[in-house]
Amino acid sequence: MDLGLAGRVALVTAASRGLGRASAEALAAEGAAVVICARGREALDDTVRAITEAGGTAVAVAADVTDPAVPERLVRAAVGRFGRLDVVVANAGGPPPGRALEVDDDAVRAALEANLLTSVRLVRAAVPHLRAGGWGRICCITSRSVRQPIPGLSLSNTARAGLWGWAKTAAADLFADGITVNLVCPGLHATDRVEALSTDTVSGPLGDPADFGRVVAFLCSEPAGFVSGVALGVDGATVTGLL
Ligand code: NAD
């Protein structure tokens, strides 16, 4: 299947490792030029090298995506380098664990900043450029906690549910402009972060980040143009609710 991504330009945040990196690699494999960001230069350079060696095009910007000025800067970097922007994959590191009554105001604010506001700012900065091209794909990498709150992860459950409400609204607002907005909701995948957790806290099979990246690439594709406002689980059937 031709995903129609050749010649497109994609911005993927928090993409030097894990699910963000896998998404950038999958988009690049489909012919999109990718602009990636993360805080550490070394892992970023390694990702750019891997994409380039595989025949793709990638540019890295070292930046902390939770800095309110960064989304605008990343969009400017993508448009400055490639002259357009078509795809945004918004990703950020996950919040720490915490039971509902144990998290203080600062922890809640930090989670909202990282896992809700970063996406809102990125989309706000990117949309004028997507509208200019009459086409756009926005995917936010979240968690299966969007579809079923996870005990002990109150910060993730809170910030990501808020993002889901916002993204659903944005999807309706932007569809007439040819722009789709979706969430991708991973269950456990074999990333560095998860592999660093003890086996006591991780049980059951782990998803392959490369497959996750291909799901993101499909949602960002030409044929997925009528798929918008969806929170797509990529969770190995671990979410047991009906919706
Ligand atoms: P990871 O730790 O393997 O990779 C995170 C990436 O984000 C790295 O490249 C890191 O440098 C970058 N990053 C982190 N904070 C950043 C910041 N402030 N600014 C710029 N870059 C930043 O993590 P992962 O497992 O790929 O998870 C990605 C997202 O998916 C997280 O929000 C995580 O909570 C969520 N998630 C992951 C899983 C899983 O099983 N891997 C499951 C559910 C949800």
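Start at 1 and go down the list; that is how both ligands and their atoms are numbered.
- Taking every non-hydrogen atom of Ser16 and a distance limit under 4.0 Å, the qualifying atoms of ligand 1 come out as 8 (C), 9 (O), 11 (O).
- For ligand 1, the polar-atom distance check against Pro95 finds no nitrogen or oxygen pair separated by under 3.5 Å.
- Taking atom 28 (C) of ligand 1 as the reference point, the nearest protein heavy-atom neighbour is Asn91 OD1, 3.5 Å.
- The shortest N/O to N/O separation between Arg39 and ligand 1 falls below 3.5 Å.
- Here the side chain of Asn157 pairs a donor or acceptor atom with the backbone of Leu153 at under 3.5 angstrom.
- Counting only heavy atoms of the protein, atom 40 (O) of ligand 1 lies nearest to His189 N, 2.7 Å.
- Val215 and Val227 end up in the same hydrophobic cluster when Ile, Leu, Val, Met, Phe, Trp and Tyr side chains are linked at under 4.5 Å.
- Judged by distance alone, with hydrogens and angles left aside, the side-chain atoms of Ser228 form a donor-acceptor pair with the main-chain N or O of Val181 at under 3.5 Å.
- For the pair Pro209/Glu25, no side-chain contact is recorded, criterion being any heavy-atom separation below 4.5 Å from C-beta on.
- Shortest contact from atom 1 (P) of ligand 1 to any protein heavy atom: Arg193 CB, 3.9 Å.
- Each of the atoms 36 (N), 42 (C), 43 (C), 44 (C) of ligand 1 lies under 4.0 Å from some heavy atom of Pro186.
- Set against the non-hydrogen atoms of Leu19, the atoms of ligand 1 under 4.0 Å away are 26 (O), 30 (O), 37 (C), 41 (N).
- Every atom of ligand 1 with a heavy atom of Leu188 under 4.0 Å away is listed here by number and element: 40 (O).
- Counting only distance, with no hydrogens or angles, the side chain of Asp86 and the backbone of Leu11 share no donor-acceptor pair below 3.5 Å.
- Annotation: atom 19 (N) of ligand 1 to nearest protein heavy atom, Val65 N, 2.9 Å.
- Counting heavy atoms under 4.0 Å from ligand 1, residue Thr191 touches it through the side chain alone.
- Annotation: atom 34 (O) of ligand 1 to nearest protein heavy atom, Arg160 NH2, 2.9 Å.
- Ligand 1 has no nitrogen or oxygen under 3.5 angstrom from a nitrogen or oxygen of Arg144.
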Audit row: Asp235, Arg147, salt bridge (Lys or Arg N to Asp or Glu O under 4.0 Å) steps and yes/no:
CA-CA 10 Å; Asp235 58 41; Arg147 303 177 62 233; 3.1 Å; yes
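- Comment: Asp67 does not engage Arg39 in a salt bridge, judged by the lack of any side-chain N to carboxylate O separation of less than 4.0 angstrom.
- Counting only heavy atoms of the protein, atom 42 (C) of ligand 1 lies nearest to Gly187 O, 3.3 Å.
- Scanning both residues, Arg137 and Thr180, for their nearest heavy atoms gives CD-OG1, 3.2 Å.
- The atoms of ligand 1 that sit less than 4.0 Å from any heavy atom of Thr142 are 30 (O), 35 (C), 36 (N), 44 (C).
- Shortest contact from atom 12 (C) of ligand 1 to any protein heavy atom: Ala14 CB, 3.5 Å.
- Two residues are said to be in side-chain contact when any heavy atoms from C-beta on lie closer than 4.5 Å; Thr142 and Ser119 fail this criterion.
- The ligand atoms of ligand 1 that sit less than 4.0 angstrom from a heavy atom of Ala92 are 29 (C), 31 (C), 32 (O).
- Shown here, atom 14 (C) of ligand 1 is in close reach of the protein: a heavy atom of it lies under 4.0 Å off.
- Side-chain N or O atoms of Ser16 include none that pairs as donor or acceptor with a backbone N or O of Leu44 at under 3.5 Å.
- In terms of polar-atom proximity, Ser143 is not counted as a contact of ligand 1, lacking any N or O under 3.5 Å from an N or O of the ligand.
- Listed here is the closest heavy atom pair of Val9 and Leu85: O-CD1, 3.7 Å.
- When all heavy atoms of Val87 and Cys220 are compared, the closest pair comes out as CG1-SG, 3.7 Å.
- Close contacts of ligand 1 with Asp64, meaning ligand atoms under 4.0 Å from a residue heavy atom, involve 17 (C), 18 (N), 19 (N).
- Atoms of ligand 1 lying under 4.0 Å from any heavy atom of Ala63, numbered from 1 in the order shown and given with element: 19 (N), 20 (C).
- Listed for the Asp208 side chain is a donor-acceptor partner under 3.5 Å among the backbone atoms of Ala210.
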